[in-house]
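Convention: sequence-line order gives letters A, B, ...; per-chain numbering from 1.
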Amino acid sequence: MLIFENIKLALSSIRVNKMRSFLTMLGMIIGISSVIAIVSLGDTMRSAIAKEYENVGSTLGYLYINSPDGYYTDDYLFTAEDKDMVKEAFGDRLTYLGFNSSSKATMKNGRVTKEGNLIGLAENPAEYKKLNILKGKLFSNLDVENARPFVILEEKDAMELFGSIDVVGRTIRTVIGTETKELTVTGVYRNQDSALMKLLSGSNNTRFTAYVPETLIFPKGSTAWSLYFCVKSSYNVEEVGNQVARYVAKIKNKEESQVMFYSAQKEMGTIDSMMGGLSAVVGAIAAISLVVGGIGIMNIMLVSVTERTREIGIRKALGARTQDILSQFLIESAIISAAGGAVGTALGIGVVAIGGMFVNMAVVVKPQVVIIAVVFSAVVGIFFGLYPAAKAAKADPIEALRYE
Amino acid sequence: MRNIIEIQNLNKIYDTGAVQVHALKEVNLTIQEGEYVAIMGKSGSGKSTLMNILGCLDRPTSGSYVLDGIDVAKENPKQISYIRNQKIGFVFQSFNLIPRTSALKNVELPMIYGRVPAKERLARAKELLEKVGLGDRLDHMPNEISGGQKQRIAVARALANHPAILLADEPTGNLDTPSSVEVMNLFTQLNREGVTVIVVTHEDDIAAFTNRIIRFQDGQLIEDKRRGEHADF
């Protein structure tokens with residue numbers, strides 16, 4: 001029952017000095033809100049990235065050859081011959097093999113000119129890139145083999161260039177590097193980029209992204225930095241990837257340790273743990289402000305105890321035990337900091353929610369984070385309130401009653 | 001009538017490092033239940049020191065103090081708090097009410113520390129405030145009422161846990177004459193109802209309300225006069 005009375009007492013004492021109580025809570029509020037905002041930001045990003053990798057497909061991997069001294073010569077790059085060799089050795093285990101080559105290009109139709117990138121798709125493009133085809137179709141393997149001058153345009157780019165999306169069969173003049181080609185539109189796709197991708201690539205992107213058969217922009221003698229492939233679902237991505245890496249090392253006459261293989265899975269795992277680590281570090285720094293907040297509480301409680309010295313003397317003369325006084329002040333500081341924690345939590349969640357609205361991402365706030373935050377702030381309050389409360393409890397009633 | 005207070009060979013020495021102050025010297029004193037006592041003396045006579053020891057706010061250096069059968073010297077801090085709460089009702093010169101707290105809540109306070117349930121507390125607090133004539137001021141704050149009224153609230157508070165003794169330290173020191181008379185009449189009334197009242201004062205007019213005057217000088221009890229049936233002090 002005394003605890004209940006002490007709670008009422010603490011609340012009324014806080015109410016009497018609203019401004020002071022608020023300023024005391026401020027340290028807690030700032031500390032908790034920043035910890036929650038930063039941790040939730042990290043969680044939101046990680047969940048968005050995980051979803052991104054879901055879209056890409058977990059069978060994707062790529063490899064490149066690393067030069068230990070940083071100097072690269074042509075023998076570090078991949079040629080069409082390399083690709084053919086890999087295809088022969090691993091064709092049964094791979095569903096896709098390409099270079100992810102891209103080329104800058106300019107498209108022109110009548111008065112409309114647009115700059116952008118052409119991305120090459122190798123055989124079995126459906127395995128590699130899950131495009132949302134609205135009109136027409138993806139390239140066939142023959143299209144790729146014969147390096148046919150086909151192009152798949154994005155919906156919005158088609159509208160800009162032709163004024164319609166029913167443009168399958170139309171041709172468009174395209175300047176690729178120094179060459180000018182007439183490309184035939186064989187398909188129109190809709191960009192399915194997630195909010196995260198849009199954020200990373202910049203939403204004001206006026207450049208087009210169109211797809212062509214890889215062989216079109218990768219003529220004989222070309223070289224590429226990386227080899228991209230998709231592993232058949234019945235095989236283990238890591239295993240096959242490593243096998244391909246070892247094979248490549250052999251045919252390129254390099255050390256096995258120089259051939260770097262990354263699977264989308266591994267990459268996501270790496271990025272996820274990196275982000276997790278980053279969140280934790282920044283969260284820890286924000287937690288330092290919690291300590292500062294706690295010190296503020298200790299300071300104010302010391303002032304409060306001193307101010308109420310006489311009152312403490314009266315209570316002791318009336319029969320209050322040491323622990324009664326101790327709990328009175330401990331409860332007060334616990335309530336101040338828990339209240340600060342609650343407000344800070346609401347503020348932190350609010351900031352994350354508003355931020356989420358701007359970047360159009362699904363906001364992630366784990367309930368554990370909230371619970372830990374509020375409990376932690378109450379603990380901080382009790383810890384930093386202990387010294388002042390003990391001081392109050394030990395006061396000698398006669399001395400205290402004499403205090404002006 | 002049994003003894004409510006028994007003091008034997010009581011000494012209090014303050015050791016302030018450089019100087020030793022012998023505030024109470026070999027005091028022997030017995031007070032029976034139901035008595036109405038005044039303890040008088042100039043400042044430095046030891047009366048305030050005795051008051052603090054009687055109220056269990058301070059401990060004697062040597063000697064014994066038995067209150068309502070309890071040897072106070074043997075009690076631990078928790079027990080002392082219990083004695084303060086249950087056996088002693090204190091009334092101070094400067095009222096010492098808890099600020100920004102209603103009269104009702106002030107009177108409830110000793111009962112809160114006495115772990116009395118809320119309903120019972122509230123009823124008794126109301127009853128006591130009515131008894132001292134403040135039934136219409138239950139929710140008033142200390143800063144809204146006069147000195148005399150504040151002291152009456154303090155008396156109500158002192159009676160909250162049915163104490164063995166009512167201890168008043170210069171209760172009229174901060175009051176004007178009419179309020180002083182009011183408060184002393186209240187004590188007289190309470191004493192007639194059986195409450196043991198001990199008043200520490202340096203004023204003869206105030207001591208005249210009581211039935212027994214004990215005088216101190218330089219830490220020693222020098223006089224102990226009872227009011228006779230016919231004679232005045």
Side-chain angles (χ1 to χ4, degrees), chain A residues 1-21 300 303-332 335-336 389-404, chain B residues 12 14 23 48-49 51-59 75-102 105-121 141-142 154 157-161 163 167 169:
Chain A
M1 265 313 109
L2 189 69
I3 298 213
F4 187 56
E5 282 300 321
N6 275 338
I7 292 176
K8 285 206 283 191
L9 196 62
L11 288 174
S12 88
S13 149
I14 291 170
R15 223 180 298 131
V16 162
N17 261 317
K18 284 197 198 81
M19 189 47 152
R20 182 163 94 182
S21 306
I300 276 303
V303 169
S304 177
V305 163
T306 305
E307 268 181 3
R308 288 147 81 180
T309 302
R310 193 167 188 142
E311 182 190 318
I312 294 168
I314 297 171
R315 288 174 184 274
K316 285 199 145 190
L318 294 178
R321 294 178 288 189
T322 303
Q323 73 208 59
D324 297 334
I325 304 287
L326 188 73
S327 78
Q328 176 186 340
F329 285 93
L330 269 184
I331 286 176
E332 187 174 319
I335 288 182
I336 290 181
K391 198 155 174 274
K394 280 195 272 223
D396 171 57
I398 299 177
E399 288 299 320
L401 284 167
R402 269 202 269 254
Y403 189 85
E404 260 328 297
Chain B
K12 179 70 186 179
Y14 290 110
S48 304
T49 308
M51 150 101 354
N52 286 334
I53 289 176
L54 283 176
C56 293
L57 296 180
D58 200 0
R59 299 192 102 124
E75 303 289 289
N76 64 40
K78 195 163 157 190
Q79 291 162 319
I80 297 275
S81 294
Y82 176 81
I83 293 172
R84 286 180 195 154
N85 183 247
Q86 296 289 314
K87 301 284 177 194
I88 299 164
F90 235 122
V91 178
F92 299 93
Q93 179 176 347
S94 45
F95 324 123
N96 280 345
L97 296 177
I98 307 284
R100 292 180 289 264
T101 309
S102 70
K105 207 66 193 188
N106 262 293
V107 177
E108 279 190 84
L109 199 53
M111 293 186 275
I112 290 175
Y113 289 123
R115 308 301 197 265
V116 174
K119 242 163 86 175
E120 210 182 301
R121 253 181 10 221
M141 301 287 151
R157 179 179 70 182
L159 294 169
N161 286 331
L167 263 179
D169 184 6

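- In this structure, the separation between NZ on B:Lys78 and CG on A:Asp324 is 9.5 Å, given to the nearest 0.5 Å.
- With respect to B:Arg100 and A:Glu311, no salt bridge is recorded, no charged nitrogen being found less than 4.0 Å from a carboxylate O.
- When the candidates B:Leu109, B:Thr101, B:Ile83, B:Ile88 are compared by the number of heavy-atom contacts under 4.5 Å with chain A, B:Leu109 comes out ahead.
- Looking at A:Glu399, there are no atoms closer than 4.5 Å to chain B (heavy atoms on both sides), in backbone or side chain.
- Rounded to the nearest 0.5 Å, atoms CD (A:Glu5) and CD (B:Glu108) are 7.0 Å apart.
- Ranked by non-hydrogen atom pairs under 4.5 Å with chain B, the options A:Asp396, A:Ile398, A:Thr322 are led by A:Ile398.
- Scanning residues 312-319 of chain A against chain B with a 4.5 Å non-hydrogen threshold yields A:Ile314, A:Arg315, A:Lys316, A:Ala317, A:Leu318, A:Gly319, sorted by number.
- The contact between B:Leu57 and chain A is made by backbone and side chain atoms together, counting heavy-atom distances below 4.5 Å.
- Listed here is the closest heavy atom pair of B:Ser81 and A:Ala320: OG-O, 3.5 Å.
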Tabulate below the donor-acceptor pairs under 3.5 Å that side-chain atoms of residues 92-99 of chain B make, not counting sequence neighbours, or state none.
unit_1: B:Gln93; atom_1: NE2; unit_2: B:Asn174; atom_2: OD1; d: 3.3
unit_1: B:Ser94; atom_1: OG; unit_2: A:Arg310; atom_2: NH2; d: 2.9
unit_1: B:Asn96; atom_1: OD1; unit_2: A:Arg310; atom_2: NE; d: 3.0
unit_1: B:Asn96; atom_1: OD1; unit_2: A:Arg310; atom_2: NH2; d: 3.0

